2 protein chains.
Amino acid sequence: MEQVKAGSKKEQTRERILRAAARAIRKYGYEGVGVADVMKDAGLTHGGFYAHFDSRDALLAAAAEKAGLESAESLSRALAKATPGDELMAIVDMYLADSHVTAAEQGLGCAIAAAGTEVPRQCPEVRRAVSRRIKELIGLIEQQLPEWGKSAAHEKAMSVVATLIGALLLARAVDDPQLSKGIRKSARELVRGAAG
Amino acid sequence: MEQVKAGSKKEQTRERILRAAARAIRKYGYEGVGVADVMKDAGLTHGGFYAHFDSRDALLAAAAEKAGLESAESLSRALAKATPGDELMAIVDMYLADSHVTAAEQGLGCAIAAAGTEVPRQCPEVRRAVSRRIKELIGLIEQQLPEWGKSAAHEKAMSVVATLIGALLLARAVDDPQLSKGIRKSARELVRGAAG
DNA sequence: TGCTCCATATGACGAGTATCATATTTTCTC
DNA sequence: GAGAAAATATGATACTCGTCATATGGAGCA
């Protein structure tokens, strides 16, 4: 793929396609991302797609990266607004909120909880992007656990991320709203106990 | 769909199709289950499929149920072999073992960790089957937490299941084997701390 | 052995897919 | 404003998918 000047028209279009693809991943999963639909969502027709990406897989990899960046930004915003000393639970409460359960339907929220089980079947580029994103997420949680040593904080952060993602996955999967709420509440308590 | 006599030839064939479909869900996810491939895997040709199931969705729902039953049996076997008093950690260690990370590639292991993020997009029958299966799993863990009261055990069980599934999802998604192992180890410690 | 019925196979249809060659429109430069 | 270059649209190809109508085969019974 050739070089594209920053800020050029083509670059802006590429960005629109990428945003649409990131939305599609959260809404429909990796397998559900169709070139034609993404292009339509970006306000374009399907044919021009290959002027921007070498293949559908290349799009998926770039979109996975994009989705990760968007989520990290969202977490950083929540962190900035949190009351000092309570940053971890602010993240947890945001992640396990009702609105995050339904967010995927609108193409918003955590892409790992929305399509994570498809990642092992994706091309290496996607897997690499997602792995990077997961490490970032762990690092972000790790920084909110200052009372433990660096190594212990890292250990705890990994399990906290696992609990959050697992809880959101289950909360979205079950068709019983009360169970969905119960799962998230209990995950919150588990994290609080482990971090407090 | 008409009634089928138990033990009849047709029933046996239906069972073969179902097993093949359950394998396919774990290998390729719900969206990756194709009627033709499943039939071929069951040793049949694609056309005869509709003599056994009304639609692909009906197959998915039945296969989700089947996959849940298979996993429950597997857990029960592990439970029977565990040393008394250590049942919970026996389950945890089996669930987070190296072999379970790679199991999906062979169509084995937990279907929720293999295709759970696709469940919200499936038909109501699939969602119902999966919800039932999740409740069973929570109940099974709950029974291994006798030192807590019934209500507290249920609370804890939900978060334990979330942690296990989240950890396995992440361990399968990342392309760094060391990180995969670290995530599972830390999840194990979190569960041990919460249950011990 | 011959007939009937159940189970499975063959083959086809229409819709949707990724991909690409080519045409058209838009944008920029002189 | 005219011509050049970039960006996007049109249309086609080859393929896969779920679904179904119909044909074939084989088992059990007379």
Side-chain angles (χ1 to χ4, degrees), chain A residues 1-21 24-25 27-64 115 118 121-126, chain B residues 1-25 27-64 115 118 121-126:
Chain A
M1 197 97 275
E2 84 280 15
Q3 204 60 4
V4 174
K5 264 174 290 186
S8 68
K9 172 129 193 156
K10 192 166 181 180
E11 150 109 6
Q12 288 176 16
T13 303
R14 190 191 144 98
E15 200 62 19
R16 278 216 320 280
I17 298 174
L18 224 42
R19 275 209 306 273
I25 288 175
K27 251 186 174 174
Y28 310 115
Y30 288 96
E31 320 258 2
V33 176
V35 171
D37 284 345
V38 166
M39 291 298 279
K40 178 177 278 185
D41 204 28
L44 301 166
T45 52
H46 66 280
F49 172 77
Y50 291 88
H52 296 276
F53 295 93
D54 281 339
S55 66
R56 178 176 168 276
D57 270 352
L59 170 69
L60 288 185
E118 299 176 47
R121 300 187 291 271
Q122 299 307 308
C123 65
E125 289 77 23
V126 169
Chain B
M1 195 100 273
E2 85 280 15
Q3 202 61 6
V4 175
K5 264 175 292 183
S8 68
K9 175 140 188 142
K10 192 166 181 182
E11 150 108 8
Q12 287 176 17
T13 303
R14 189 191 144 99
E15 199 63 20
R16 279 216 318 282
I17 298 173
L18 223 42
R19 276 208 305 276
R23 273 196 303 273
I25 288 176
K27 253 185 172 173
Y28 310 115
Y30 288 95
E31 320 260 359
V33 175
V35 170
D37 284 346
V38 166
M39 291 299 277
K40 179 177 276 184
D41 204 28
L44 300 167
T45 51
H46 68 279
F49 172 76
Y50 291 88
H52 297 275
F53 295 93
D54 282 339
S55 66
R56 178 176 168 275
D57 270 351
L59 170 68
L60 289 185
E118 298 176 47
R121 301 187 289 272
Q122 299 306 308
C123 65
E125 290 77 22
V126 169

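Predicted model, so just to flag it, every value in this text is computed and none were measured. Chain A is the first sequence line, chain B the second, and so forth, proteins listed ahead of strands; every chain is numbered from 1. Reckoned from all heavy atoms, side chains included, excluding hydrogens, waters and symmetry mates.
- The CG-C1' distance, from B:D54 to D:dC20, rounds to 13 Å in whole Å.
- Atom-to-atom, CZ of B:R16 to C1' of C:dA7 comes out at 12 Å; the value is rounded to the nearest Å.
- Salt-bridge check for B:R121 with A:E118: passed, with a basic side-chain N closer than 4.0 Å to an acidic carboxylate O.
- The phosphate of D:dC20 (OP1 or OP2) has no side-chain N or O of B:Y50 nearer than 4.0 angstrom.
- C:dT17 atom C1' lies 14 Å from atom NZ of A:K40, rounded to whole Å.
- In this structure, the CD atom of A:E11 is 17 Å from the P atom of D:dA6, given to the nearest Å.
- For the pair A:F53 CZ and D:dA7 P, the computed distance is 14 Å after rounding to whole Å.
- Per the geometry, NE2 belonging to B:H52 stands 7 Å off C1' belonging to C:dT8, to the nearest Å.
- Among all heavy-atom pairs drawn from B:A20 and B:D41, the shortest one is CB-OD2, 3.9 Å.
- Across B:R56 and B:V33, no two heavy atoms sit closer than the pair NE-O, 3.0 Å.
- Of all heavy-atom pairs between B:A62 and B:R14, the closest is CB-NH2, 4.4 Å.
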Anything under 3.5 Å between a protein N or O and an N or O of nucleotides 9-12 of chain D, put it in a table, one pair a line.
from, atom 1, to, atom 2, distance (Å)
D:dA9, OP2, A:T45, N, 2.8
D:dA9, OP2, A:T45, OG1, 3.0
D:dA9, O5', A:T45, OG1, 3.0
D:dG11, O6, A:H46, NE2, 2.9

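- For C:dT8, the OP1/OP2 oxygens have a side-chain nitrogen or oxygen of B:T13 closer than 4.0 Å.
- Looking only at side-chain heavy atoms (C-beta outward), B:I17 and B:F53 come within less than 4.5 Å of each other.
- Remark: B:S55 is not in phosphate contact with D:dG18, judged by side-chain N or O atoms under 4.0 Å from OP1 or OP2.
- Residue B:Y28 places its OH atom among 12 or fewer non-hydrogen atoms of other residues, nucleotides or ligands, all under 6.0 Å distant.
- For the pair B:L60 CG and D:dC17 C1', the interatomic distance rounds to 13 Å; values are reported in whole Å.
- Listed here is the closest heavy atom pair of A:I25 and A:A63: CD1-CB, 3.7 Å.
- In this entry the distance linking CZ of A:R56 with P of C:dG16 reads 17 Å, nearest Å.
- Closest contact between the side chain of A:D37 and the listed nucleotides C:dC20, C:dT17, D:dC17 involves C:dT17.
- Residue-level contact check: A:V38 touches neither bases nor backbone, having no heavy atom under 4.0 Å from any strand.
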